[in-house]
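The next block holds one structure in the form of structure tokens; read it before the comments.
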Amino acid sequence: MKIATWNINGVRARIENLVAWLKQSSPDIVCLQEIKCQDDAFPRLEIEALGYHVETHGQKSFNGVAILSKLKPDAVNRGLPGDEADEQARFMEAVFSVEPGKIRVCSIYLPNGNPADDPVKYPYKLAWMARLEAFARDRLALEEPLVLAGDYNVIPEPHDCWDPTVWAKDALFLPQTRQAFRRLENLGLTDAVRATADDVPLYTFWDYQAGSWQKNWGIRIDHLLLSPEAADRLTGTAVEKDVRGWEKPSDHVPVAGYFNF
DNA sequence: ATGACCAATAATATTGGA
């Protein structure tokens, strides 16, 4: 089974790329982020025509996540627990029945947090990460295959960006951000890409500005974190960077994990 | 060459992204 995550940066602006990529890559489950539309505006017919089920959790203009899957999910939960007042659509969970049992897949669009000195944005990011940690702790207790896939807006290590000095004071790379990410990993979650690839650099995002793609000024911020039961069945990963060179690309590329279930 | 992004919005500038 192939499970992928992709920050699409506007699903309506990117529908042709999405259809072409689904045909080329043929993932079984896809977690999308930044669909940037409400549920009823999601171009579901084009996706369903390829044989995928479509579950969305959108909002107007910004944010928004989705899960596309060849299998129909048994259950879907929308929103990250822990703050009833949070109206930003950044999280959903789907449960699937496979051989030999249940698997859980979450689509995550973790807050950016910049500017880091903003009185609201960076604390919101850290609070969101604390909620995600609590959620992961809860789900790990189930001892099931769990894939937390998405745009984490976290650069885990200095070699995961082009120039650490440029990112030193950025919300994606501040010590508190990296510390919170390590707390997640220390629950027993495995960074799938790093478990299967030592490549440095290995980026998943290149800014639209200043010819960053051409110069390979990228960062690695899209991750699949796996429970032990999922990590045990991981056979490989792929960062599908050719997609960044397509016409009218997203600034992120798909990241996929292969599993023997 | 001294250059310069993109999506969405009741929008011809602004906001948010990273």
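Below, chains carry the letters A, B, ... as their sequence lines are ordered, and counting in each starts from 1. Only heavy atoms go into these numbers, but all of them, side chains included; no hydrogens, no water, no symmetry mates.
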Under 4.0 Å, counting only non-hydrogen atoms across every strand here, what does D251(A) touch: a base, just sugar-phosphate, or nothing?
nothing

Between K36(A) and K121(A), whichever has its closest DNA chain B nucleotide further toward 5' is K36(A)

Distance check, C1' atoms only: dA11(B) and dT15(B), in whole angstrom units.
11 Å

For D222(A), report the nucleic acid contact type (base, sugar-phosphate, nothing); a contact means any heavy atom under 4.0 Å.
nothing

Is there a side-chain contact between S227(A) and E144(A) in this structure, where contact means two heavy atoms from C-beta onward sitting under 4.5 Å apart?
no

Remember a base hit wins even if backbone is also touched, and classify R90(A) as base, sugar-phosphate or nothing at under 4.0 Å, heavy atoms.
sugar-phosphate

Any chance you could measure E34(A), atom CD, to N7(A), atom CG, to the nearest 0.5 Å?
4.5 Å

Pairwise C1' distance for dT12(B) and dA18(B), with rounding to whole Å
26 Å

Just to be sure I understand the rule, does A13(A) reach a base, reach only the sugar-phosphate, or reach nothing, if contact means heavy atoms closer than 4.0 Å?
sugar-phosphate

Covered region of DNA chain B, 5' end to 3' end, by chain A [heavy atoms, under 4.0 Å]:
dC5(B) to dA18(B)

Checking K125(A) side chain against A171(A) main chain: does a donor-acceptor pair fall under 3.5 Å?
yes

Mind checking if N9(A) touches a base, just sugar-phosphate, or nothing, with heavy atoms under 4.0 Å?
sugar-phosphate

Using a cut-off of 4.0 Å on non-hydrogen atoms, how would the nucleic acid contact of N63(A) be classed: base, sugar-phosphate, or nothing?
nothing

Name the nucleic acid region contacted by Y152(A), choosing base, sugar-phosphate or nothing; use a 4.0 angstrom heavy-atom cut-off, strictly under.
nothing

With respect to L110(A), which candidate in T177(A), L172(A), L132(A) satisfies the side chain to side chain contact (heavy atoms under 4.5 Å, CB included) definition?
L132(A)

Can you check the distance between dC5(B) and dA10(B), where both ends of the measurement are the C1' atom (answer in whole Å)?
24 Å

Might you point out which heavy atoms bring I108(A) and Q33(A) nearest each other, and give the distance in Å?
O-CG, 3.2 Å

Rounded to the nearest 0.5 Å, how far apart are OH of Y203(A) and CD1 of I219(A)?
9.5 Å

Of P111(A) and V11(A), the one whose nearest nucleotide on DNA chain B sits closer to the 5' end is V11(A)

Specify the closest pair of heavy atoms between E240(A) and A256(A), including all atoms of both residues, with the distance to one decimal.
OE2-CB, 4.2 Å

